[in-house]
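FYI, side chains are in, hydrogens and waters are out, and symmetry mates aren't considered; it's all heavy atoms of this structure.
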Amino acid sequence: MALGFAVGVFGVLILFHAAYSTIQYRGLLKIMEEEFSGPPMNVVAELLLGLVFCIWAALTVPGKFLSIQPYSEENRIVSLPANSDFMIFNHRGKVFPLEMDVKLKH
């Protein structure tokens, strides 16, 4: 896990360096009064390398994926909370009609 975290930090540092290089390149183009058409190829290579490092770290740092048990009571989404004092059924939505028959005028 420490290696994955270090690779992720290194990937973020590479991305920051690519951003700084692009800003510096645009400043140089302003001094030379040329138009910016895109970043140099070394900055694009840095971006791709930093992206690969960050994706690799994002997939390895969290750990091993665990299987989801479908019949477990711990991961039931539809279960209601034990305290139902905060459930509000009287709200502004009742003023709208149930069926909206809106016809467009041409």
Side-chain angles (χ1 to χ4, degrees):
M1 184 167 134
L3 176 67
F5 187 75
V7 169
V9 169
F10 185 64
V12 169
L13 289 175
I14 288 176
L15 290 176
F16 280 136
H17 184 266
Y20 179 75
S21 297
T22 303
I23 292 169
Q24 192 175 22
Y25 178 70
R26 289 191 71 178
L28 180 67
L29 288 179
K30 283 183 183 178
I31 291 172
M32 295 172 48
E33 297 178 355
E34 293 181 17
E35 190 172 322
F36 179 75
S37 61
M41 287 306 295
N42 62 346
V43 173
V44 173
E46 280 184 36
L47 286 172
L48 292 176
L49 186 67
L51 178 70
V52 168
F53 283 163
C54 288
I55 288 175
W56 186 77
L59 291 176
T60 58
V61 167
K64 191 175 85 171
F65 289 112
L66 300 175
S67 62
I68 298 174
Q69 305 297 326
Y71 300 109
S72 175
E73 290 296 323
E74 294 176 3
N75 57 2
R76 293 287 302 205
I77 297 174
V78 294
S79 64
L80 294 175
N83 185 3
S84 60
D85 290 340
F86 295 105
M87 298 176 97
I88 300 171
F89 297 105
N90 188 13
H91 53 79
R92 294 183 280 190
K94 66 182 178 182
V95 298
F96 296 114
L98 293 177
E99 293 185 22
M100 302 270 301
D101 290 332
V102 179
K103 295 183 180 179
L104 297 175
K105 296 180 183 178
H106 291 275

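The same ILVMFWY cluster, assembled from side-chain heavy atoms under 4.5 Å apart, contains both Phe5 and Leu13. Using a 4.5 Å cut-off between side-chain heavy atoms of Ile, Leu, Val, Met, Phe, Trp and Tyr, with links allowed through other members, Phe10 and Leu3 fall into the same hydrophobic cluster.
At a threshold of 4.5 Å between non-hydrogen side-chain atoms, the residues Phe53 and Ile14 count as touching. Annotation: side chain of Pro40 is in contact with side chain of Tyr25 (closest heavy-atom distance under 4.5 Å). In this structure, the side chains of Leu47 and Leu51 stay at 4.5 Å or more apart for every pair of heavy atoms.
Across Cys54 and Gly8, no two heavy atoms sit closer than the pair SG-O, 4.2 Å. The shortest heavy-atom contact between Ser21 and Val43 is CB-CG2, 3.8 Å. Trp56 and Gly4 get closest at one heavy-atom pair: CZ3-CA, 3.9 Å.
Glu46 CD to Thr22 OG1: the interatomic distance, rounded to the nearest 0.5 Å, is 8.0 Å. Atom CZ of residue Arg26 and atom CD of residue Glu34 lie 13.5 Å apart, to the nearest 0.5 angstrom. The distance from atom CG of Leu15 to atom CG of Leu49, rounded to the nearest 0.5 Å, is 9.0 Å.
A side-chain contact (heavy atoms from CB on, under 4.5 Å) with Leu28 holds for exactly one of Met32, Lys30, Gln24; it is Met32.
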